[in-house]
Asks: 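If you scroll down you'll find the structure; I have some questions about it.
The sequence lines fix the lettering, A, B, ..., with proteins before strands; numbering per chain opens at 1.
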Amino acid sequence: MNKSKDFLRRIVQEDLNAGKYPQVHTRFPPEPNGFPHIGHAKSITLNFGIARDFQGLCNLRMDDTNPTTEDTAYVEALKDAVEWLGFKWEGNVRFTSDYFPEIYAYAIELIKMGKAYVDSLNDEEIREYRGTVTQEGKRSKYADRSIEENLDLFERMKNGEFPDGTHLLRAKIDMAAANMKMRDPILYRIRHAHHFRTGDSWAIYPLYDFAHCLSDYIEGITHSFCTLEFENNHDIYDWVLDTLNLTPPRPYQYEFARLNINYTVMSKRKLLELVEKGIINGWDDPRLPTIAGYKRRGYTPESILNFCEQIGIAKANSMVDVAQLEFAIRDDLNTKVPRVMCVINPLKVTIINYEGSEEIEASYYPHDVPKEGTRKLPFSKEIYINKDDFSENPPKGYFRLTPNQPVRLKYAYIITCQEVIKDANGDIIEIKAIYHPDSKSGSDSSGIKVKSAIQWVEAKSAKKVELRLYDRLFKDEIPEGIEAINPDSLKIIKDALIEPAVITDRPDERFQFEREGYFYADPIDYHDGAPVFNKIVALKESSAKKKKAPKTAERPSKKVQIDGEVTPMTAEEETRFEYYTKELKLNSEVANTLARDTKLSRFFQEALKIHNSPINLANLISNEVAREFKQKESLTFTPIQIAQLVKMIDEETISTKIAKEVFEAMSKSGENPEKIVQEKGLIQISDPAQILPIINDIIAKNPDNVAKYQAGNKKLLGFFVGQTLKATGGKANPKVVNELVGKRLGE
RNA sequence: UGGGGUGUCGCCAAGCGGUAAGGCAUCGGCUUUUGGUGCCGACAUUCAGGGGUUCGAAUCCCUUCACCCCAUCCA
């Protein structure tokens, strides 16, 4: 199917291929301080999914380092979520708190190495000393304490001798680091708090940055996936594991973008607010994006899983459209659940020419769902249809019952409206109709054409049910606060009518109520005497039935982008630039790149001494060599070698294409260019007599593309050139090939 | 403002110097006793903008712009 792997799977694959780890081992590491939501589901599918795909393992670990916010109720919800999604964690559920003794020992190790110290500044001072994003911080005066003193203080911190906030263990890194997270990060704080697992045995607790990487290491995790906001913490992750000199292999952290969905909120803080303020009914309110909410609403685990796979993994902050999630659940339920008839807003219909009663056998599944099962539909002269399925003054394109338009009662007869009965207010309260006895479904010989078939229930046998119709929780795509709550997010219908088999036979717990949507028997409030169904999602509505949405067709004018100011050159750079443009005749862009970069310009000057070809040298250096400087600490090749390479281009021994290849080899091995060319036999082929047969062959093999090209798709020239070049191992002279291909295809 | 990251269709997202994948949404047509489903088709001359290198650039170089993250003893 989708053969392209996401970037994380690609990394795992490469590491496995390189033999970096014998087996991949991931982990899902939530903090048990809130209910898991669909963002967690993305992380769960990612971590467990990668482990599954590469025959590896995945742990479930509670990151419980903050005793004041965490609770065992949340760990249960987290376990439920993973299980519900169908994953199995390796071994027991892990807890960071299980590693407190080990983490403590590592802290002591760091102190002994002189890499950590006990600080005794108060919180205000700590903040002050940290500096700002533009200003360096300064080191605490306590940073110079002796190892012995640090050891002593730290032990007494652990023993609970000091009150909260008096001392801290910090890593000794760099208070001037550009990455603020590296300004002597805090490793341990004193907290005289009851922990839900360790009780009162600890007076100090490690912070995320110290505990997380070590927990990963302790568990033998190979790839530690987390969300983008931890990118700044990446350096600490590496610092801790590296300075501790742990026996390899060790885990590495990789970041991906968290999930956002429009018309909802995903942050734990906002979710907690909704729950605590009673705006919704608890963590499992079906309007919430929590796993518990989706579960209660009737979403299937498969649909959530499919959704998570469809949206992909990447590093760009993004906002997924709810429509994508709704597609996932419809798509899943479509082939699974029975169709039944429910009338949400009943309108009585009396069939004046029908006497007695009958039972009609009807399939639970439409023709395109390969499942078996039927039920009996009672039928008599009194039935109910949905109010919207009758229109006295129908708009254009209305398919259902009108005074002049008959309609089919699904699985039963065609009826024609005879009389519309209204109450004192003029509201329609009943329809009198006639049925056509020869129009029965399956044996219709009436010849009457109808435009649609509607759902109905028989009056006496129908059961009353409560329907909870859910809609998006917020009006705004990106809700700012609870003011944006959608007032119609929950509509309760107390007296909908449903066909009896649904209640008496209970063939399933999820149904499609025909022409309405998918519904789920509420797992908590449903009772046989008082059935309750939650609306999972509406059926998709084609535009014809929708109230024609006003088409807003404004052409987004191409936005003009203002260019900012370019930083001016220094005097020295200016001189170089003048020289390059005036004397050496370099184009200004290349000259600019070279002039502004001391390393590059020096490299250029050196190479120029060997081979006097300023333009070609400058081009190669300002592009290819510049990249190497950017990516690598030190270069594997010298200006002399680059000069030799350019010389070969100038002499047309090799093409620019080959030059790129040679350059790549040089950057890997540092070999001389001549040697590389010799060894690989990269001398270019420019003889048309040699190239032409290859081109002919390729043209013969790709008639479709030839036709497309000749029809005007000139981009395909690149395709043919590329193919030819590939066939010659890159040795054909691209200029010649280009010319030849163009000529051949033009014929 | 210093550092880190990201910009490919309305929304996700492949792509890693040689024909701009795919899904959602949207719009047509066919099928249909669900205005559902299914099927078929349309939907980026262009990859945030501007330059440069190259026979050839979404991909390499330079530069500008926009957005996100970092100054909790949270994670």
Asks: Under 4.0 Å between any heavy atoms, over every strand shown, what does A:Tyr411 touch: base, sugar-phosphate, or nothing? Just pick one.
Replies: base

Asks: Going through the checks in order, is the side-chain contact (heavy atoms from CB on, under 4.5 Å) test met by A:Tyr580 and A:Leu594?
Replies: CA-CA 9 Å; A:Tyr580 291 158; A:Leu594 254 25; 3.7 Å; yes

Asks: Tell me whether the OP1 or OP2 atom of B:U26 has a side-chain N or O from A:Lys540 closer than 4.0 Å.
Replies: yes

Asks: Between B:U46 and B:G51, how many Å separate the two P atoms, rounded to a whole number?
Replies: 14 Å

Asks: Is there a donor in the side chain of A:Arg596 and an acceptor in the side chain of A:Asn592, or the other way round, less than 3.5 Å apart?
Replies: yes

Asks: Any base atoms under 4.0 Å from A:Val721, or only sugar-phosphate, or nothing? Heavy atoms, all strands.
Replies: base

Asks: Nearest 0.5 Å, please: how far is CG in A:Asp184 from CG in A:Asp174?
Replies: 7.5 Å

Asks: Respond yes when some side-chain nitrogen or oxygen of A:Ser622 is under 4.0 Å from OP1 or OP2 of B:U53, and no when none is.
Replies: no

Asks: Taking atom C1' in both B:G36 and B:U31, what distance in whole Å separates the two?
Replies: 13 Å

Asks: Can you check whether A:Thr132 has a side-chain N or O nearer than 4.0 Å to OP1 or OP2 of B:U1?
Replies: no

Asks: With rounding to the closest Å, how many angstrom separate the P atoms on B:A66 and B:A71?
Replies: 23 Å

Asks: Just checking A:Tyr208 against A:Phe230, ring centres under 6.0 Å apart?
Replies: yes

Asks: State whether A:Tyr709 and A:Lys714 meet the cation-pi test: NZ (Lys) or CZ (Arg) under 6.0 Å from the six-membered ring centroid, and within 45° of the perpendicular axis.
Replies: yes

Asks: Counting only side-chain heavy atoms from C-beta out, which of B:U53, B:G50, B:C55 sits nearest to A:Asn619?
Replies: B:U53

Asks: Determine the interatomic distance between P on B:G49 and the same-named atom on B:C39; round to the nearest Å.
Replies: 36 Å

Asks: At a heavy-atom distance below 4.0 Å, what parts of residues 326-342 of chain A sit against RNA chain B?
Replies: A:Phe327, A:Asn334, A:Arg339

Asks: Determine, stepwise, if the pair A:Asp321 / A:Asn262 fulfils side-chain contact (heavy atoms from CB on, under 4.5 Å).
Replies: CA-CA 6 Å; A:Asp321 196 334; A:Asn262 55 10; 3.6 Å; yes

Asks: Within the structure, does a side-chain N or O atom of A:Arg191 lie under 4.0 Å from either OP1 or OP2 of B:C74?
Replies: yes

Asks: Roughly, in whole Å, what's the span from CD1 in A:Ile186 to P in B:C70?
Replies: 16 Å

Asks: When all nucleic acid strands are considered with a 4.0 Å heavy-atom cut-off, which category describes A:Gly165: base, sugar-phosphate, or nothing?
Replies: base

Asks: Among A:Asp389, A:Asp388, A:Asn386, which one satisfies side-chain hydrogen bond (donor to acceptor under 3.5 Å, both in side chains) with A:Arg400?
Replies: A:Asp389

Asks: Would A:Ser655 and A:Asn733 count as having a side-chain donor-acceptor pair, cut-off 3.5 Å?
Replies: no

Asks: May I ask whether A:Phe399 stacks on the base of B:G35, given the cut-offs of 5.5 Å between ring centres and 30° between planes?
Replies: yes

Asks: To the nearest Å, give me how far apart CG (A:Leu717) and C1' (B:U54) are.
Replies: 14 Å

Asks: Rounded to whole angstrom, note down the P distance from B:C70 over to B:U64.
Replies: 25 Å

Asks: Calculate the interatomic distance between A:Asp209 atom CG and B:A71 atom C1'; express it in whole Å.
Replies: 14 Å

Asks: Rounded to whole angstrom units, what separation is found between the CD atom of A:Glu309 and the C1' atom of B:C12?
Replies: 15 Å

Asks: Across the strands shown, which category fits A:Asn623 at heavy-atom distances under 4.0 angstrom: base, sugar-phosphate, nothing?
Replies: base

Asks: In whole Å, what separates the P atom of B:A13 from that of B:C73?
Replies: 33 Å

Asks: Under 4.0 Å from any atom of RNA chain B, heavy atoms only: list the residues of residues 225-233 of chain A that qualify, in numerical order.
Replies: A:Glu229, A:Phe230, A:Glu231, A:Asn232, A:Asn233

Asks: With a 4.0 Å cutoff (strictly under), does any side-chain N or O of A:Asn587 reach OP1 or OP2 of B:U53?
Replies: yes

Asks: Return whichever of A:Phe720 or A:Asp6 has its heavy-atom-nearest nucleotide of RNA chain B closer to the 5' end.
Replies: A:Asp6

Asks: Round to a whole Å and report the spacing from CG of A:Leu207 to P of B:U72.
Replies: 13 Å

Asks: If you measure from the P atom in B:G56 to the same atom in B:G18, how many Å do you get, rounded?
Replies: 15 Å

Asks: Do the charged groups of A:Lys315 and A:Glu231 touch, with an N to O distance under 4.0 Å?
Replies: yes

Asks: Does A:Arg408 put a side-chain nitrogen or oxygen below 4.0 Å from OP1 or OP2 of B:U32?
Replies: no

Asks: Please check the phosphate of B:A75 (OP1 and OP2 only) for any side-chain N or O of A:Arg189 closer than 4.0 Å.
Replies: yes

Asks: Checking contacts here: which listed nucleotide (B:C55, B:G50, B:U19) is nearest the side-chain heavy atoms of A:Thr656?
Replies: B:C55

Asks: Nearest whole angstrom, please: distance from the P of B:U19 to the CD1 of A:Ile698.
Replies: 13 Å

Asks: Applying a 3.5 Å limit to both distances, which nucleotide forms a Watson-Crick or G-U wobble pair with B:C60?
Replies: B:G52

Asks: Take the protein atom CG of A:Asn262 and the nucleotide atom P of B:C12, then report the distance between them rounded to whole Å.
Replies: 9 Å

Asks: Can you tell me, in whole Å, how much space there is between the C1' of B:A42 and that of B:G3?
Replies: 47 Å

Asks: RNA chain B: A:Lys315 or A:Ile562, which has the more 5' nearest nucleotide?
Replies: A:Lys315

Asks: If we count only N and O atoms by modelled type, under 3.5 Å, do the side chains of A:Asn233 and A:Gln253 hold a donor and an acceptor together?
Replies: no

Asks: Over how many whole Å does the gap from A:Asn317 atom CG to B:A48 atom C1' extend?
Replies: 16 Å

Asks: Look at the side-chain N and O atoms of A:Arg10 and state whether any lies under 4.0 Å from the OP1 or OP2 oxygen of B:G15.
Replies: yes

